[in-house]
There are 2 protein chains.
Amino acid sequence: MEHFVTTPTRPVLTGSARAVFQRLVEQGPSTRPHIGQSLGLSRPTMSAAIAELEKPGYVEMIGAIRGPLGRSAAEYRVGQGAGYVIAVDAGSTHVRLRVSTLDRRLLTSRQLRFPVSHIAIDADVSQAVAAEVGAVIAESLPEWGPLRVLGIATPTRVVGPEGDTEASRQNVVFCAFTPPKGAAIVLENNVNCAAVAEMHYGAAQGEADFVYVQVGLKIGMGIILGERLIRGRNGAAGEIGHLSFPLAPNTNPLRGEAEHFLGTEAFLARVRADWPPQAGAAPTDTAELLKLAGTGHEKAQRCVARHAADIGAVVASCVSVVDPGLVVLGGGLGASPLLLPGVQETVNRLSYAADIRNTLLGPDATVLGIERLAIEKALLLLIGQSG
Amino acid sequence: MEHFVTTPTRPVLTGSARAVFQRLVEQGPSTRPHIGQSLGLSRPTMSAAIAELEKPGYVEMIGAIRGPLGRSAAEYRVGQGAGYVIAVDAGSTHVRLRVSTLDRRLLTSRQLRFPVSHIAIDADVSQAVAAEVGAVIAESLPEWGPLRVLGIATPTRVVGPEGDTEASRQNVVFCAFTPPKGAAIVLENNVNCAAVAEMHYGAAQGEADFVYVQVGLKIGMGIILGERLIRGRNGAAGEIGHLSFPLAPNTNPLRGEAEHFLGTEAFLARVRADWPPQAGAAPTDTAELLKLAGTGHEKAQRCVARHAADIGAVVASCVSVVDPGLVVLGGGLGASPLLLPGVQETVNRLSYAADIRNTLLGPDATVLGIERLAIEKALLLLIGQSG
DNA sequence: CTATCAACGTTAGGCACCTTAACTAATAAA
DNA sequence: TTTATTAGTTAAGGTGCCTAACGTTGATAG
C-alpha cells in the first residue's frame, strides 16, 4: 500500500536551462548561438537546455535567422507553457490592465475610467477590478497558456503576510473580489510600481539607485537602492506624504502635514486664494494652471515656481537621507517639465548634487511596473528560488 | 623557453571548501560533523573540504570534542594561513585599533586619546594612525600570518573609486600615512561602521532593517536595509546633519542647518543661555548635564527632554522616508537612556511605529564595525567573489 | 550540379564536484 | 570483550558542465 503523497512539484530545471529561460523572459526572442555566447554556455549545453525547456513548452522555436555566411541560427522565444500574467493598476480614478506573456508581448489591454462626478470608493474599485479581470479570463485564448500571476497595484501601503495587513488597507481591493484560483497574487503600492517601471523602461534605465517622486493628488516616493525596491518594515518607505510638517526650532510639527500642504487640493486652494482678480478666472485644476503657465501667464508661473520650491524642499530632505543621486518626477504635476527647474534648483541648493528628470512613461508607469513585478514572480515560480 | 608569466593566483577553492571556511570565519570554531550538518554537506565532502583548507593553513584542528556516545569529533578553527586584519577607528578625539584573526580572536588592541586641549587636525590624525598601525606591524607575531586587510573608519563621507574622492575628504587619513603593501584597504564612514556593528553584535542583532543614529558632537545616521549598508550615490546616505532646516511653509530653509542646531555645541549654548542663576552653575559639557538630569535636577531634565524632542523630530523624518522599523541611538548623548523616552514619544507621535533602543556597544561600535567590514573583505579576497 | 567554406548543432568523452553505500576507527556502556 | 554509536575514509555513481570531433545547413565559386 502506498502511503506517500507526491506533491505536484514543478519540473526541476538545470542551472543553464534556468539561465536561458530567464534570458528569454528578460531580453525577448533570441537565437541559440547568441544566448549561448552571452551566457557563456557551450553549444552542447545550449542544446540540452533548449531541449529541457521545449518539453514543458516553456520556450518555442519561432524561426531561423540567417547571417551572411553559414547555416542559419534557430530563434526561440518564451512559449505557451510559460503562461501569461495580468497586471492591474487599480487607482481611485481609473482601472488599467495589461495582459502579457512573460516576455512582455501584449496579449490584450483594458482601461476603465471612473466618471469624474463619481468619486470611486473602495468597493467600487474592487468591483471594477473583479469585472475587468473576469472579462480578461473569459476572453482568454488557449494559446496564452495558464494564468501564472495576477498583479495588482494599489494606492495603499502594502505589507507582507507577516505585517499588519489590517492597518494597511491593502486588502480593500479584495472586498468585492475573489482572486482566480491557480494564479499567484502580487500586490504592490502604485508609486513603488512606477519606480520599478522607470528603472527598467523609463527615465532611470540602467540606474541602480534613484527615487521616483509622484507629485499629484497626493505626494509619494518609491525608493530603489541597489536595483532593489525598498519597502520598509511596514511597507511605508517613501510615504513622504506622512512626513511631519513643519520642521523648525520650537515648533510642534504635526504628523502627516506634508501631504495636506503639498497635495493638489491644498495647492489649488492656495492658488485661488492668492489669485488677483485682474489675472482672469482662477484655474480650477492643475492641468489648467499648467496650461496658463506654459503660455506665459505670469501669476500662474509664480504659483508653479512656488510649488516647485516647496516640493523641492521635501525632496531635498529625502535626498539628504538616502542620497540616491537621481530623482525622477512623475504624477499629474510631476510629469510636467514646468515643475522641473524649480525642483532642481531647490534640491541642489539644499542637498547633495542629484540629477532630476521627468518621467518617460507618464500614466503608464504604474501598470508597467506591476507587470514587471508579476513577471518576476512568475519567473521565480517557474525556475525556482535558486535562479 | 618559457614565455608565460604565471600571475600569482590564489588557490581556487571548491564550493564546499568556501562554505566551510566562511562558516568558520563567521561562527567561530566548530566540529566537522556540526559544520557538515548545518551546511548540508556529506561527510566525504567535509573531508575533502577540510583537506583542501588545511593545505594552505586556512584552517587548523584545535582539538576533539566528545559527545556522550561514540567517537569524538575533531574541532577546527581558522588557521594562521588566513592571516589577520587591523581595524582602526580614526576619530578626531581618539584613535582606536583592534587587531584580530578572521574569526575575531583579538590579537592585540591599542588606543590613543588626543589631549582635550589639543584639537586634532587631519594631519595629526593621519600621523597617529600611521604610528599606531606601524607599531602593530612592528610587534606582529609570525603566528598571526599575513596582514590581509587594513580597515579604517573615518568621520568623513566615503565614496567608491568612481566617485568624487576629492570632495569627500576621505583621503585625509592618508596625507601623512602610506598604507602597508600587500594588504587591501577598506575605508568606511564611522557612523556606518557603528551601524554594521549594532546589526551583528549589538542592539540590532538579527534585524534586517534599521537605522543607527549617532547623537553627539555631530548628528549622523547609518542605514541598514535588507542587511546591507546603504551608502548612497555620493556616500552621503544618512548624512542627516546636512538636512536643510527649518522646513516650514513660506520659509527659506538653509542647507545643513540640522547639524548646527542639533550638535552638542549649539545644544549646550542653548542650555547655558536658558540656565536660571538659581539653578546652580550651568553644565559645561553634556556628560555633566546628563549627570544632573539623572540625579533629578529639574531644569537639566527639561533641557534633555527638549533636545530629545528635537532629535526625535528629525529621526521621525528619516523613519518616514525609509520606514526601518527600528532605531538604535548611539553616540555621546544617544547612548544615554535619559534621551530615549523623549525620542520615542516624538517619533511615535510623528511617524510610523518604530522600536527605539539604546546602543549596546557604546564607543566600541565603530571599531567593531570596521573590523567586521575588514574581515568581510578578507573573506572575499580569500574565497573569491562567488562565495 | 557539385565542391567548398563557414557557421550551426549533435555526439562522444571527460572533468569537477557533489552524492550514497559500505567500510574502518574511536569511544562509552553492557 | 562485546556491542552500540558516532566520526571519518574509500569506492562507486550521478549531475552538469566542458572540449573535441563530427554531421548539417546554407551561400557561393567553379
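Residue numbers start from 1 in every chain, and the chains themselves are labelled A, B, ... in the order their sequence lines are given, proteins ahead of strands. Since we're looking at a predicted model, the values are computed, not measured.
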Neighbour count >12 (heavy atoms, 6.0 Å) for atom NE2, His34(A): no
Nearest whole angstrom, please: distance from the [atom2] of [N] to the [atom1] of [X].
X: Glu75(B); N: dA26(C); atom1: CD; atom2: C1'; answer: 18 Å
X: Tyr76(A); N: dG9(C); atom1: OH; atom2: P; answer: 7 Å
X: Ile65(B); N: dT6(D); atom1: CD1; atom2: P; answer: 16 Å
X: Gln37(A); N: dG9(C); atom1: CD; atom2: P; answer: 12 Å
X: Met46(B); N: dT6(D); atom1: CE; atom2: P; answer: 18 Å
X: Arg32(B); N: dA25(C); atom1: CZ; atom2: P; answer: 15 Å
X: Leu41(A); N: dC8(C); atom1: CG; atom2: P; answer: 15 Å
X: His34(A); N: dC8(C); atom1: NE2; atom2: C1'; answer: 15 Å

Residue that, paired with Val133(B), satisfies side chain to side chain contact (heavy atoms under 4.5 Å, CB included) out of Ile152(B), Val99(B), Leu147(B), Ile86(B): Ile86(B)
Sole candidate of Glu60(B), Met61(B), Glu75(B), Arg105(B) that passes side chain to side chain contact (heavy atoms under 4.5 Å, CB included) when paired with Pro29(B): Glu75(B)
Below the 4.0 Å mark, does [N] have OP1 or OP2 next to a side-chain nitrogen or oxygen of [X]?
X: Thr45(B); N: dC18(C); answer: no
X: Thr14(B); N: dC18(C); answer: yes
X: Ser16(A); N: dC17(D); answer: yes

Looking for any heavy atom pair under 4.0 Å, which part of the strands does [X] touch: base, sugar-phosphate only, or nothing?
X: Ala48(A); answer: nothing
X: Gly40(B); answer: sugar-phosphate
X: Pro44(B); answer: base

Ring-face cation of Arg104(B) near Tyr201(B) (centre distance under 6.0 Å, axis angle within 45°): yes
Rounded distance [0.5 Å steps], CE in Met199(B) versus CG in Asp209(B): 10.0 Å
Full working for side-chain contact (heavy atoms from CB on, under 4.5 Å) between Arg77(B) and Val59(B): CA-CA 6 Å; Arg77(B) 73 173 183 193; Val59(B) 309; over 6 Å; no
Restricting to nitrogen or oxygen on both sides, can you table the protein-nucleotides 23-27 of chain D pairs closer than 3.5 Å?
| unit_1 | atom_1 | unit_2 | atom_2 | d |
| --- | --- | --- | --- | --- |
| dG23(D) | N2 | Arg71(A) | NH1 | 3.1 |
| dT24(D) | O2 | Arg71(A) | NH1 | 3.2 |
| dT25(D) | O4' | Arg71(A) | NE | 3.4 |
| dT25(D) | O2 | Arg71(A) | N | 3.4 |
| dA27(D) | OP1 | Arg66(A) | NE | 2.7 |

Shortest non-hydrogen contact from Thr108(B) toward Trp144(B): CG2-CH2, 3.8 Å
